[in-house]
Amino acid sequence: MSGVRNGAAEEEGLVVALGRALPPVLPVGHATAVFCMGTCFHRQRAVTDLAIVANGARHRPDAWGMPRLDRFEEDPRAYRSGFWATIPIPAQERPGQVELTVEARLEGGSTACARIGTIAVVPRQEPARDARLPEAGARALIAICMATYNPDAELFRIQIESIRGQTDRDWICLISDDCSEANPFEAIRNTVEGDPRFVVSRADRRQGFYRNFERALNMAPADAELVALSDQDDRWYPDKLEALRAAIGPAQLAYSDLRRVDEHGEVRAETLWKGRRRNDTNLASLLISNSIPGAACLFRRQTIERSLPFPDGPGWDFHDHWLAVVALALGDIAYVDRPLYDYVQHPRAVLGRVASGQEPPRPLDSFDRWRAAYFSLYLQREFLARVLLARCDAELTSRKRRALRLFIDATRSPLAFAWLAGRSARALVGRNDTLRVEEVLAKGIVWRHLIALSAGRREQPGRFTRDARMPPVNPGAVEQRQRRWLAP
């Protein structure tokens with residue numbers, strides 16, 4: 001068997017190329033799922049069936065034989081070479097590796113295999129214990145995990161002062177900086193200098209907000225039983241931590257309402273729920289459309305431990321969405337029915353251009369919008385559902401497990417598809433917690449079947465053939481409902 005080079009492997013005429021890298025490592029004892037997408041074809045014979053094998057376990061891909069016009073231009077045999085799959089990876093009990101292989105059945109009945117990569121299974125890194133802890137007998141320590149990148153100096157100062165001003169004093173703040181430029185990073189260090197409750201760690205390369213929050217969570221000391229998330233440019237009210245601590249009780253997560261303001265402090269909305277209903281009990285609704293901002297939350301350590309490492313999905317990954325669905329999968333969510341902080345919306349924030357109405361979506365035709373809806377919305381959420389089943393199955397209630405199964409089955413089962421598409425009718429009786437995203441998801445699923453029909457068994461593109469490549473993530477185009485909800 002040949003090795004893997006630049007995501008591609010070839011054996012006995014079988015050519016396999018991955019379009020995205022596999023996760024490099026998986027900690028011992030952590031179950032997960034891995035999304036694979038790429039192309040597979042044989043130079044001499046037709047491929048009649050395909051499987052992905054992970055450490056000996058065979059899995060059928062979610063789609064294969066999909067049209068790839070880019071690969072057809074390189075090799076005429078590669079027209080229907082596209083495939084994608086979400087592969088469950090059971091918890092590994094000892095260090096080693098997980099090997100993934102493509103197994104292709106060829107015309108004539110023979111089989112060809114090619115290794116597509118390995119995932120190293122490494123010892124679990126236990127959180128460090130921190131010496132700067134409250135005295136014995138104090139309440140559970142809260143680790144505030146903040147992610148920063150080139151923050152506005154004044155907004156950052158205001159946020160730090162609002163944390164210092166908390167009535168709850170049993171906290172430590174871990175700041176993970178995503179390799180900010182020299183001057184902003186120096187401003188971060190100067191703002192917290194001399195206060196031992198703040199720990200600043202700068203990454204050696206930029207990873208983006210999703211991985212930066214993951215890095216911040218990994219900094220939380222083992223002694224911290226509770227974890228709060230913090231953005232770099234909000235303003236917490238003095239009793240934010242106190243109120244969330246009082247509210248969490250036996251729940252996995254407590255969160256609050258918020259007030260939306262601009263960078264000058266002008267109020268845009270006194271509540272997050274203008275135009276949308278709150279949801280913190282229905283796992284299907286929360287999976288479909290997140291309504292729990294990370295900066296509003298206080299989590300139990302169990303939720304954080306089940307969330308790490310963050311999964312790498314096919315769409316736009318959001319830390320708060322992932323953490324919220326893990327918390328609800330594990331147990332209950334509590335709510336404080338009043339704003340506990342000001343969410344500052346401005347064009348320089350990660351979602352600021354969308355939220356402030358300054359980033360119009362790039363135009364797409366209808367078919368490409370449906371393609372984006374499939375990959376960036378439906379397939380992303382289906383992937384999260386599979387990871388939840390892998391990591392939280394023992395704690396799931398039968399109702400929550402059934403909701404995840406129905407969502408996963410929506411591309412194969414007419415009944416499951418009807419369940420998903422029909423959920424948008426809930427808005428007619430005021431249950432608009434998902435902003436009717438189900439309608440967009442249904443169009444994405446229809447695209448997945450139409451693209452397969454358009455390719456049929458052709459060996460080359462036809463008149464109406466389209467491409468099944470994953471499109472670039474375009475949140476402005478596929479999250480228009482979210483955009484309208486957060487607009488001024």
Side-chain angles (χ1 to χ4, degrees), residues 125-134 138 140-166 168-238 240-241 244 263 293-299 301 304-305 307-310 319-320 323 341-344 346 348-352:
Q125 183 177 359
E126 297 294 336
R129 293 192 172 273
D130 200 286
R132 290 160 295 182
L133 300 176
L141 178 68
I142 297 175
I144 303 170
C145 296
M146 177 186 289
T148 61
Y149 176 68
N150 287 348
D152 177 280
E154 179 60 16
L155 293 177
F156 179 75
R157 184 195 65 79
I158 292 171
Q159 172 67 322
I160 293 300
E161 290 306 315
S162 73
I163 293 174
R164 284 186 171 126
Q166 291 297 296
D168 189 320
R169 311 299 293 175
D170 298 315
W171 56 263
I172 185 171
C173 184
L174 299 316
I175 300 175
S176 175
D177 183 71
D178 199 19
C179 200
S180 290
E181 296 169 6
N183 288 340
F185 182 70
E186 189 63 24
I188 291 172
R189 296 183 62 177
N190 290 339
T191 302
V192 301
E193 187 175 15
D195 192 332
R197 298 170 297 177
F198 291 87
V199 178
V200 180
S201 174
R202 187 187 193 192
D204 57 5
R205 61 183 179 84
R206 191 177 180 199
Q207 303 178 80
F209 71 92
Y210 182 68
R211 292 297 170 192
N212 195 27
F213 268 107
E214 178 187 43
R215 185 174 182 271
L217 290 171
N218 277 313
M219 292 170 60
D223 313 81
E225 298 177 23
L226 300 170
V227 177
L229 300 185
S230 174
D231 291 332
Q232 65 185 18
D233 46 16
D234 294 333
R235 183 179 69 85
W236 289 9
Y237 300 171
K240 182 176 187 287
L241 292 180
L244 291 174
E263 58 189 314
C297 297
L298 182 69
F299 301 90
R301 174 166 285 282
I304 303 304
E305 290 176 346
S307 301
L308 297 171
F310 282 3
H319 62 285
D320 50 3
L323 289 164
Y341 73 105
D342 284 347
Y343 165 41
V344 181
H346 59 92
R348 297 182 301 281
V350 172
L351 294 180

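Below, all heavy atoms of this structure are taken into account, side chains as well, without hydrogens, waters or symmetry copies. This chain uses plain numbering: 1 for the first residue, then up along the sequence. In this text the structure is predicted, and so the values were computed from the model without any measurement.
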Is the H319 ring parallel, tilted or perpendicular to the F209 ring (thresholds 30°, 60°)? perpendicular
What's the spacing between M146 CE and F213 CZ if we round to 0.5 Å? 8.5 Å
Say whether, by atom type as modelled, one donor and one acceptor occur between the side chain of D233 and the main chain of F156 under 3.5 angstrom. no
What do the steps show when you test S162 against K240 for side chain to side chain contact (heavy atoms under 4.5 Å, CB included), and what is the final call? CA-CA 10 Å; S162 73; K240 182 176 187 287; over 6 Å; no
Between the side chain of D168 and the main-chain N/O of D170, is any donor-acceptor distance below 3.5 Å? yes
Given 3.5 Å as the limit, does a donor-acceptor pair link the side chain of E225 with the main chain of A140, or not? no
With the side chain counted from C-beta on, respond yes when D231 and Y341 share a heavy-atom pair under 4.5 Å apart, and no when they do not. no
Backbone N or O of E181 within a donor-acceptor pair of the N150 side chain at under 3.5 Å? yes
Between atom CD1 of I142 and atom CG of L226, what is the distance when rounded to the nearest 0.5 Å? 5.5 Å
Is a side-chain donor or acceptor of R197 paired with a backbone partner of W171 at a separation under 3.5 angstrom? no
Worked verdict on D223 versus I172 for side chain to side chain contact (heavy atoms under 4.5 Å, CB included): CA-CA 11 Å; D223 313 81; I172 185 171; over 6 Å; no
Counting neighbours of CZ on R202 that are heavy atoms of other residues, nucleotides or ligands and sit closer than 6.0 Å, is the number greater than 12? yes
Residues A147 and N212: closest non-hydrogen pair is CB-ND2, 3.4 Å
Please determine whether side chain to side chain contact (heavy atoms under 4.5 Å, CB included) holds for the pair T191 and F198, giving the CA-CA distance in whole Å, both sets of side-chain angles, and the decisive distance to 0.1 Å. CA-CA 10 Å; T191 302; F198 291 87; over 6 Å; no
Would you find a donor on one side and an acceptor on the other, under 3.5 Å apart, between the side chain of R211 and the backbone of F310? yes
List the atom of Q166, the atom of L241, and the distance in Å for their closest heavy-atom pair. OE1-N, 3.0 Å
Test your reading of the model: is there a side-chain donor-acceptor pair from D320 to the backbone of A295, 3.5 Å cut-off? no
Any Q232 side-chain heavy atom under 4.5 Å of L155 side chain: no
Are the side chains of V227 and C145 in contact, using a 4.5 Å heavy-atom criterion? yes
So, for S176 and M219, which heavy atoms are closest and what is the spacing to 0.1 Å? CB-SD, 3.9 Å
Is any side-chain heavy atom of L217 closer than 4.5 Å to a side-chain heavy atom of L174? no
Is the shortest heavy-atom distance from the side chain of P221 to the side chain of L141 under 4.5 Å? yes
Non-hydrogen atoms of C179 and A203 that approach each other most closely: CB-O, 3.5 Å
Quick check: does any side chain N or O of R157 sit under 3.5 Å from a backbone N or O of I188, one acting as donor and the other as acceptor? no
How about P151 and Q159: do any of their side-chain heavy atoms sit closer than 4.5 Å? no
To the nearest 0.5 Å, how far apart are OH in Y210 and CG in D178? 14.5 Å
Does R215 use its side chain to pair, donor to acceptor, with the backbone of S201 at less than 3.5 Å? yes
Could you give the distance from CD1 (I175) to CD1 (I144), rounded to the nearest 0.5 Å? 9.5 Å
Closest approach of V344 to E263 (non-hydrogen atoms, all atoms of both residues): CG1-CA, 3.7 Å
Is there side-chain contact between L229 and C297, with heavy atoms separated by less than 4.5 Å? no
Contact between D195 and I160 at the side-chain level, heavy atoms closer than 4.5 Å - yes or no? no
